[in-house]
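Okay, structure first, notes after.
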2 protein chains.
Amino acid sequence: MDANILDDISHADPAQRKDREERWAQVVAVSAALFAQKGYEATSLREIAERVGMLKGSLYHYINGKSDLLVHVLREAHSRGVLVLTKIAEREGQALERLEEVITAHAKYICTERVFTAGFIEAHRHLTPDRAREFDVAERNYRKAVERLIARGQVEGDLRDDLDPKVSALCLLGFLNSLHGWVKPASGLTTRRLCDHALAMGLGGLRKT
Amino acid sequence: MDANILDDISHADPAQRKDREERWAQVVAVSAALFAQKGYEATSLREIAERVGMLKGSLYHYINGKSDLLVHVLREAHSRGVLVLTKIAEREGQALERLEEVITAHAKYICTERVFTAGFIEAHRHLTPDRAREFDVAERNYRKAVERLIARGQVEGDLRDDLDPKVSALCLLGFLNSLHGWVKPASGLTTRRLCDHALAMGLGGLRKT
DNA sequence: ATTTCTACCAAACGCCCGTTTGGTGGAAGC
DNA sequence: GCTTCCACCAAACGGGCGTTTGGTAGAAAT
């Protein structure tokens, strides 16, 4: 079933494999760009195929259905975003410093890798529960890591301890993701300044005054 | 063209008018619920008509096209949300207090009127620029009002003045709207507690320490 | 030289969408 | 009692979608 994507292809010679992989990467990249720009539903296979230079039916040599594209786009997004951020959150050290790092990295990711951050919420609607689980788990892990960070910050005395860590984590991540909605490249706001601003506002509500 | 919706109907007798208006309100309410739940594109006229108890073609006695429904849903949402919040933001008084009121009211609106807050971003994609303008203007007015409030709070000495009011306003409103993404009714979190939390986090980053 | 394989084309399929058209039953107006 | 009007039905329309099927040109393998 998943042969086109997942099967071992070591029996193919290197030249063929490279061709196919390059083409496939191109397809995923184009899909990511279009999904980000117009949303998953509003993007047609015809349009994707056109930008890659083939007919829509030919895409089925790479996929078994449209949602395969979504899965692979989301996987790339997660490997660049959520997974990296989770690792940062789980590093050793003073909680407050870790949290600052996470917030800044998250904001930076949102600003610079715009292609991969759009429509995550929309995306879940278009995946069957079992295909979505993979991403749900990753996102939950990240959220939990931030939650633990906040709790530790409270214990260490840097963060106010009258706020529930879970709700705080949800608020913080929601806030950071919301940056995507209005931050535009070339809006006269440098990434650097935006990250500083996000840090000030994201952390300001958590810090002990 | 717009006869079904906008025309003067004073020549109809009261009984008829009431019937029609009640039916129309029902259609809008059902549309709002479905748009919120599944999104605009994913909601079919067939589905809307079914819940109201008619066939999809019959909806065209009330509308001239599907997007009419979106416009009317958004109008109702704006009149309950953005317009109310703008008025609060523009009242007289100490800026900090006003801002607290706005944040709390905004958070409360998001939590209690869930039907009308979903898919605002998606919505814009499905309206022609001239039909969207109405809503763009209202949202901009609100944002500007909050921006002025923050600027005044800085002058009055309650808010830190090293943050750009415009960026701060965008961050704050983005944060508040992001609550919609994860706040669920009956999640064991009362509206009251959520609003307090949102206030603490939203204001914490702006306040002078 | 023949076979095999691969990347892709060309064309059709069924589905469901938003929209249009023409009609119908029953209440309201004269 | 006849006409008018109105809310709605019944059925079709064209179109775009995701998907399937069968074929083909050309390189690689034997």
Side-chain angles (χ1 to χ4, degrees), chain A residues 1-5 7-28 30-31 34-35 38-71 125-128 131, chain B residues 1-5 7-28 30-31 34-35 38-71 125-128 131:
Chain A
M1 302 290 148
D2 235 351
N4 293 311
I5 297 164
D7 260 11
D8 153 318
I9 50 170
S10 57
H11 50 78
D13 74 308
Q16 272 184 9
R17 176 167 35 179
K18 201 187 166 202
D19 278 4
R20 188 186 174 90
E21 280 178 7
E22 272 179 7
R23 208 80 166 116
W24 170 238
Q26 194 189 356
V27 169
V28 173
V30 166
S31 301
L34 285 173
F35 290 167
K38 330 190 353 172
Y40 174 73
E41 291 243 68
T43 303
S44 68
L45 292 181
R46 208 199 100 266
E47 211 167 352
I48 293 171
E50 194 174 88
R51 293 216 193 181
V52 183
M54 54 171 89
L55 296 184
K56 59 175 180 172
S58 307
L59 285 171
Y60 281 77
H61 276 266
Y62 299 91
I63 59 177
N64 297 307
K66 190 186 179 186
S67 67
D68 281 357
L69 291 172
L70 184 55
V71 167
R125 254 209 287 271
H126 306 295
L127 291 177
T128 58
R131 297 196 94 183
Chain B
M1 300 291 148
D2 234 351
N4 292 313
I5 299 161
D7 260 9
D8 153 318
I9 48 172
S10 56
H11 51 76
D13 74 307
Q16 272 186 9
R17 176 169 37 182
K18 200 184 168 205
D19 280 3
R20 188 185 175 92
E21 279 178 9
E22 271 179 8
R23 208 80 166 114
W24 170 238
Q26 194 188 357
V27 168
V28 173
V30 166
S31 302
L34 285 172
F35 291 166
K38 331 191 353 174
Y40 174 73
E41 292 243 67
T43 304
S44 68
L45 292 180
R46 208 199 97 266
E47 212 168 351
I48 295 171
E50 194 174 87
R51 293 216 193 180
V52 183
M54 55 170 89
L55 296 184
K56 59 176 180 172
S58 307
L59 285 172
Y60 281 77
H61 275 268
Y62 298 90
I63 60 178
N64 297 305
K66 190 186 179 188
S67 67
D68 280 359
L69 290 172
L70 183 55
V71 166
R125 255 208 287 272
H126 306 297
L127 291 177
T128 59
R131 297 196 95 182

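Quick caveat: nothing in here was measured; it's all calculated off a predicted structure. Chain naming here is simple, since letters A, B, ... match the order of the sequence lines and numbering starts at 1 in each.
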Roughly how many Å is it from CG in B/Leu55 to C1' in D/dC13, rounded to a whole number? 17 Å
Looking at every heavy atom in both B/Ile63 and B/Trp24, which two are closest together, and how far apart are they? CG2-CZ3, 3.7 Å
Give every residue pair that meets the side-chain hydrogen bond (donor to acceptor under 3.5 Å, both in side chains) criterion with at least one member in residues 46-55 of chain B, sequence neighbours excluded. B/Lys38-B/Glu47, B/Arg46-B/Glu50
For B/Arg23 and B/Val52, work out which heavy atoms get closest and say how close. NH1-O, 3.2 Å
Non-hydrogen side-chain atoms of A/Phe35 and A/Glu41 separated by less than 4.5 Å: no
Relative to B/Tyr40, does B/Lys66 satisfy both conditions: NZ or CZ under 6.0 angstrom from the six-membered ring centre, and within 45 degrees of the ring's axis? yes
In whole angstroms, the gap separating P of C/dA7 from CZ of A/Arg20 amounts to 5 Å
Nearest whole Å is fine: how far is D/dA12 P from B/Tyr60 OH? 19 Å
Remember a base hit wins even if backbone is also touched, and classify A/Gly65 as base, sugar-phosphate or nothing at under 4.0 Å, heavy atoms. sugar-phosphate
Under a 3.5 Å cutoff on both atom distances, Watson-Crick or G-U, what's the dot-bracket for DNA chain C ([ ] crossing, | other strand)? ||||||||||||||||||||||||||||||
Integer-rounded Å distance: D/dA11 P and B/Leu59 CG: 18 Å
With a 4.0 Å limit, can you tell me whether A/Arg23 has a side-chain N or O closer than that to the phosphate oxygens OP1/OP2 of C/dC8? yes
Neighbours of DNA chain C within residues 40-53 of chain A, by heavy-atom distance under 4.0 Å: A/Gly53
Using side-chain heavy atoms (C-beta onward) and a distance below 4.5 Å, is B/Leu69 in contact with B/Leu45? yes
Provide, to the nearest angstrom, the distance between the CD atom belonging to B/Glu22 and the P atom belonging to D/dC8. 12 Å
Under the side-chain hydrogen bond (donor to acceptor under 3.5 Å, both in side chains) test, which residues partner A/Ser67, sequence neighbours left out? A/Arg131
Nearest-neighbour nucleotide for the A/Tyr62 side chain, C/dA7, C/dC9, D/dC9 considered: C/dA7
To the nearest Å, how far apart are A/Met54 CE and C/dC9 C1'? 11 Å
Interatomic distance where NZ belongs to A/Lys56 and P belongs to D/dT20 [whole Å]: 12 Å
Determine whether B/Ser31 and B/Leu34 make a side-chain contact, defined as any pair of heavy atoms from C-beta on separated by less than 4.5 Å. no
Can you give me the closest heavy-atom contact between A/Val30 and A/Ile48, atom names plus distance? CG1-O, 4.0 Å
Rounded to whole angstrom units, what separation is found between the NE2 atom of B/His61 and the C1' atom of D/dC5? 12 Å
